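First comes the structure, then the notes that go with it.
Predicted model only: the values in this text are computed from it and were never measured.
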Amino acid sequence: MKSIEFFNIETGAIEKGDLILSESLIIYNSTIQSGETFFEIGITINPDWSVNRFKITKNKTIILSGEKSDAFWFINQEPLITDESIDFIDISITPFTNTLPINFMKESNSQKKTFPMLFLDVEKEQVKICHQTYSFHTDFILYENMETNYSNQLTVDKNGIVSKYPNAFKRII
């Protein structure tokens, strides 16, 4: 088990997470305290770093959940209709989910790839599909959201976990 902590530079929220790695499954569980609001995140991840299940609670109430069955996602138990095969999620309140496509790319020796993603907007309690590109450079990984034209230069540790997310998140542990 690996303990991970992030500090949200914009909100002051602290995320405390545990990453459990095994040969058949990866599990990430975290809690985020933001003022009086308490979030819990649980993600079940395949060995290739693709996601097959997630759950987010706000003050103990489930606000977003998803499960992948074959190539189809069920969000809050309703089928998500899309022509795209989506393997990754991006949760708005944590940089951890940027780790998922990065480690997938490391496993497949890719240098640049665009992914369809489930973007989980926790504040609005909504899910939408977006496209994100990750490009490996010598000292950083360029992250680009293709719909918003947002980009940032991420750095990761030896395990591929985001360690620096400038102007947004800071890794504490």
Side-chain angles (χ1 to χ4, degrees), residues 1-6 15-32 39-57 62-122 125-136 140-147 152 154-165 169 171 173:
M1 183 169 70
K2 181 172 183 59
S3 293
I4 301 168
E5 288 188 22
F6 295 105
E15 177 177 8
K16 296 182 179 188
D18 290 315
L19 182 64
I20 301 165
L21 301 153
S22 73
E23 288 184 23
S24 61
L25 201 59
I26 302 165
I27 297 172
Y28 182 71
N29 290 308
S30 75
T31 58
I32 300 173
F39 296 97
E40 292 177 288
I41 297 172
I43 308 170
T44 305
I45 306 161
N46 296 312
D48 68 354
W49 292 88
S50 63
V51 175
N52 63 25
R53 184 177 298 129
F54 66 86
K55 180 171 79 171
I56 303 170
T57 64
I62 297 172
I63 59 170
L64 293 170
S65 65
E67 186 167 354
K68 190 170 183 184
S69 177
D70 297 319
F72 302 100
W73 276 97
F74 291 86
I75 306 299
N76 296 334
Q77 301 179 344
E78 296 291 326
L80 176 71
I81 308 301
T82 180
D83 294 335
E84 296 184 276
S85 177
I86 300 172
D87 293 320
F88 302 102
I89 62 173
D90 184 5
I91 302 174
S92 62
I93 59 173
T94 178
F96 174 78
T97 47
N98 295 93
T99 295
L100 306 171
I102 290 169
N103 276 320
F104 175 83
M105 289 175 65
K106 285 174 65 177
E107 297 282 325
S108 64
N109 293 316
S110 297
Q111 291 300 305
K112 182 176 183 177
K113 188 161 176 64
T114 300
F115 299 95
M117 309 278 284
L118 289 181
F119 179 73
L120 311 177
D121 188 332
V122 174
E125 299 180 14
Q126 295 177 344
V127 176
K128 66 180 178 179
I129 298 170
C130 71
H131 296 83
Q132 297 178 357
T133 300
Y134 292 82
S135 308
F136 283 80
F140 64 92
I141 298 164
L142 180 63
Y143 155 68
E144 300 170 277
N145 183 311
M146 308 315 285
E147 278 73 27
N152 209 325
L154 310 178
T155 55
V156 296
D157 66 14
K158 65 182 179 180
N159 298 309
I161 313 263
V162 173
S163 57
K164 291 183 185 172
Y165 194 127
F169 298 95
R171 175 107 168 261
I173 294 178

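- Closest approach of F6 to P95, counting heavy atoms only: CD2-CG, 3.4 Å.
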*asked:* Under the criterion side chain to side chain donor-acceptor pair (under 3.5 Å), I'd like the reasoning laid out for E15 against S30: C-alpha separation, chi angles, the key distance, then a yes or no.
replied: CA-CA 7 Å; E15 177 177 8; S30 75; 2.8 Å; yes
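- With rounding to the nearest 0.5 Å, the separation of CH2 in W49 from OG in S108 is 13.5 Å.
- Residues K113 and F104 form a side-chain contact, since some pair of their non-hydrogen atoms from C-beta on lies under 4.5 Å apart.
- Separation of atoms NZ (K128) and CG (L118) is listed at 12.0 Å; rounding is to 0.5 Å.
- For the pair I27 and I43, the minimum side-chain heavy-atom distance is 4.5 Å or more.
- Here the closest non-hydrogen pair linking P116 and S85 is CG-O, 3.5 Å.
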*Run the numbers on Q132 and D90 for side chain to side chain donor-acceptor pair (under 3.5 Å), then give the verdict.*
CA-CA 9 Å; Q132 297 178 357; D90 184 5; 2.7 Å; yes
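- Partners of D157 under the salt bridge (Lys or Arg N to Asp or Glu O under 4.0 Å) rule, at least two apart in sequence or in another chain, are R171.
- Looking only at side-chain heavy atoms (C-beta outward), L142 and F136 stay at 4.5 Å or farther from each other.
- A side-chain donor-acceptor contact under 3.5 Å links S92 to the backbone of V122.
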_Apply side chain to side chain contact (heavy atoms under 4.5 Å, CB included) to residues E144 and M146 and explain how you reach the verdict._
CA-CA 6 Å; E144 300 170 277; M146 308 315 285; 4.0 Å; yes
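- At least one side-chain heavy atom of I91 sits less than 4.5 Å from a side-chain heavy atom of I41.
- Annotation: side chain of I56 is not in contact with side chain of I62 (no heavy-atom distance under 4.5 Å).
- Atom NZ of residue K112 and atom OG of residue S135 lie 4.5 Å apart, to the nearest 0.5 angstrom.
- The CG atom of D87 sits 7.0 Å away from atom CG of D48, with the distance rounded to the nearest 0.5 Å.
- Between the side chains of E40 and T57, a donor-acceptor pair is found at a separation under 3.5 Å.
- Smallest separation of non-hydrogen atoms from L154 and Y143: CD1-CB, 3.8 Å.
- The shortest heavy-atom contact between L64 and F54 is C-CE1, 4.0 Å.
- Across Y134, F115, F119, F96, a single residue satisfies ring pair (Phe, Tyr, Trp, His ring centres under 6.0 Å) together with F88, and that is F115.
- N145 approaches C130 most closely through the heavy-atom pair ND2-SG, 4.1 Å.
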_Stepwise side chain to side chain contact (heavy atoms under 4.5 Å, CB included) check, N46 with V51_ = CA-CA 6 Å; N46 296 312; V51 175; over 6 Å; no
*Could you go through the side chain to side chain contact (heavy atoms under 4.5 Å, CB included) check for I45 and S50 one step at a time?*
CA-CA 6 Å; I45 306 161; S50 63; over 6 Å; no
*Show your reasoning for whether side chain to side chain contact (heavy atoms under 4.5 Å, CB included) applies to E84 and H131.*
CA-CA 11 Å; E84 296 184 276; H131 296 83; 2.7 Å; yes
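- The line from CG of L25 to CD of E23 is 12.0 Å long, rounded to the nearest 0.5 Å.
- You'll find the side chain of I4 stays beyond 4.5 Å of the side chain of D18, heavy atoms only.
- Here K16 contributes atom NZ and I173 contributes atom CD1; the two are 8.0 Å apart, rounded to the nearest 0.5 Å.
- Inter-residue side-chain proximity for L100 and I89 is flagged as met; some heavy-atom pair is nearer than 4.5 Å.
- Proximity of V156 to T99: side-chain heavy atoms (C-beta onward) are nowhere separated by under 4.5 Å.
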N/O donor to acceptor pairs below 3.5 angstrom from side-chain atoms of residues 72-80, sequence neighbours left out:
from: W73; atom 1: NE1; to: I86; atom 2: O; distance (Å): 2.8
from: N76; atom 1: OD1; to: S65; atom 2: N; distance (Å): 2.8
from: N76; atom 1: OD1; to: S65; atom 2: OG; distance (Å): 3.3

